[in-house]
Asker: 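Just passing along the structure, written as structure tokens.
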Protein chains: 2
Amino acid sequence: MAETTAASPKATSKKMRRQEAEALILSAAEKVFAEAGFGGATMQLIADVAGLPKANLHYYFPTKELLYRQVVQRIFQIWLQAADIFDQAEGPEEGIGAYIDAKMEISRRHADGSKVWASEVMHGAPVIQDYLETTLTDWTNGRIEVIERWIAEGRMAPIDPRHLLYMLWATTQHYADFGHQIETLNGGAPLDDVQWEAAKTNIKTIILRGIGAVE
Amino acid sequence: MAETTAASPKATSKKMRRQEAEALILSAAEKVFAEAGFGGATMQLIADVAGLPKANLHYYFPTKELLYRQVVQRIFQIWLQAADIFDQAEGPEEGIGAYIDAKMEISRRHADGSKVWASEVMHGAPVIQDYLETTLTDWTNGRIEVIERWIAEGRMAPIDPRHLLYMLWATTQHYADFGHQIETLNGGAPLDDVQWEAAKTNIKTIILRGIGAVE
DNA sequence: TCTGAATTTGACCATACGGTCAGGAAGGCC
DNA sequence: GGCCTTCCTGACCGTATGGTCAAATTCAGA
């Protein structure tokens, strides 16, 4: 189970702080939503995974939708943070290379969150449509400008920046969202450190060469 | 709604042939499963979309799982057929280029099916795990051999064929699975013919150049 | 120690869901 | 027309789910 957050359910005193309780529940919810989807997930199962009675979940998160919304928002934040690397770069090789590395790391460390996000978007983004229209749109347009500048400066080939971004998102998130398929094709074992490195290297090699950012 | 199959619900006589009834239901089910996921989809909603009473669905498909299974199998067949193009090719530029075209066409024409497939895999492939282990594994290994031959013949750079395939799948399916996100970033409108062509061209340009199959 | 706010929880409720069934309707075939 | 198979469907059932609630428990501060 996820050891990324807070203490174990019954380790300390009987009463929890709001913060740690919410973190525990969010972590359990992320896992269950990722495995079963919003419709397939049940509050009972999330409660079981969190090691809490169901009624306790409703104390912190009144409805299933509210809980789900927070799970989605959390991964979106992580997703956005990977953008910083993009900006700090001085050219496409560094910027896009680092962005690929960062997004691959997210796919590995936050596979559940990535799946929840993918599921949400696939179903028409009923919960975070406003984010797509505001934050994501702004972010995308900003990055498109950067790429266009790189093209104008002759640092890479004249590719449509939009489709390049889609390719970056698709390729990196695939390792999280379709992780089960990749694992099966890998003989049933998750990718090990070496294989993850190989994946990153391959992606960077193909894309950076493909856009003419390296020889 | 999908006009790809059969006649409209109540156009002809009261009684339907097994074949057209099943096609109608499968088409409705694909749409609903794509929009709501397996857990979120209800037999009632599928029935409504198909324009049939719920009990009639159970006449043709005894359980929800059985109906779902057939929807998934159908898209998998389409998915596999795109492989033929790969084999008939004589080199990477032609083979991979045609494969990208074919998979992009699937993403456009069968977006719902693609989403159902993605959802199934994301949730651990509870229904089609055997397909992943047999058919898909065989198909993948076969294609890896082809790519390795191309590399050996000096027709492309020494890329890990496995990760190249993942990239092809990811990039092309992204346009179906994340179609809503793309649509939102496109100002709320679906990609038009020109934009789809641009997408294909960009992907082919980047990948074919990236693997050293073209200059 | 007393008090009150925050937290925990078992029991409960209304609803919605997947699935069943019996009886009716259609249509092909003699 | 008579018969039989196939198809259709409203009404129904048991269960599981999201959510509620009031009583119990914990704990910090006066």
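Note that these values count all heavy atoms, side chains included, but never hydrogens, waters or copies made by symmetry. Protein chains get the first letters and strands the later ones, always in sequence-line order, with residue 1 at the start of each.
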Asker: For B:Leu57 and D:dG10, give me the distance from atom CG to atom P, rounded to whole Å.
Answerer: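 Going from B:Leu57 (CG) to D:dG10 (P), I get 13 Å.
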Asker: Among the candidates D:dG10, D:dG19, C:dA6, find the nucleotide nearest to the side-chain atoms of A:Tyr59.
Answerer: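 Within the option list, the nearest is C:dA6.
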Asker: Side-chain N or O of A:Arg18 less than 4.0 angstrom from OP1 or OP2 on C:dA6?
Answerer: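 For C:dA6, OP1/OP2 do not have a side-chain N/O of A:Arg18 under 4.0 Å.
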Asker: Which of the following nucleotides, D:dG18, C:dG18, C:dG19, is nearest to the side chain of B:Thr63?
Answerer: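 Nearest to the side chain of B:Thr63 among the choices is C:dG19.
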Asker: So, OP1 or OP2 of C:dA6: does either fall under 4.0 Å of a side-chain N or O from A:Tyr60?
Answerer: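 Result: no.
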Asker: Looking at A:Lys54 and D:dG19, is any side-chain donor or acceptor paired with a base atom of the opposite kind under 3.5 Å?
Answerer: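 Yes, the side chain and the base share a sub-3.5 Å donor-acceptor pair.
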Asker: Is it true that A:Glu22 and A:Arg18 make a salt bridge, defined as a side-chain N closer than 4.0 Å to a carboxylate O?
Answerer: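 A salt bridge links A:Glu22 with A:Arg18.
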Asker: Count the heavy atoms of every other residue, nucleotide or ligand shown that sit under 6.0 Å from CD of B:Glu105, and state whether that count exceeds 12.
Answerer: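 Check passes, neighbour count above 12.
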Asker: Between A:Arg74 and A:Glu30, is there a side-chain N and carboxylate O pair less than 4.0 Å apart?
Answerer: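 Yes, this pair counts.
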Asker: B:Ala41 near the nucleic acid: base, sugar-phosphate alone, or nothing, with a heavy-atom cut-off under 4.0 Å?
Answerer: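 Contact class for B:Ala41: sugar-phosphate only.
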Asker: When the ring planes of A:His163 and A:Tyr166 are compared, do they come out parallel, tilted or perpendicular, using 30° and 60° as the limits?
Answerer: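 Rings of A:His163 and A:Tyr166: perpendicular, over 60°.
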Asker: Between D:dG18, C:dT20, C:dT8, spot the one nearest the side chain of A:Asn56, thanks.
Answerer: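 Within the option list, the nearest is C:dT8.
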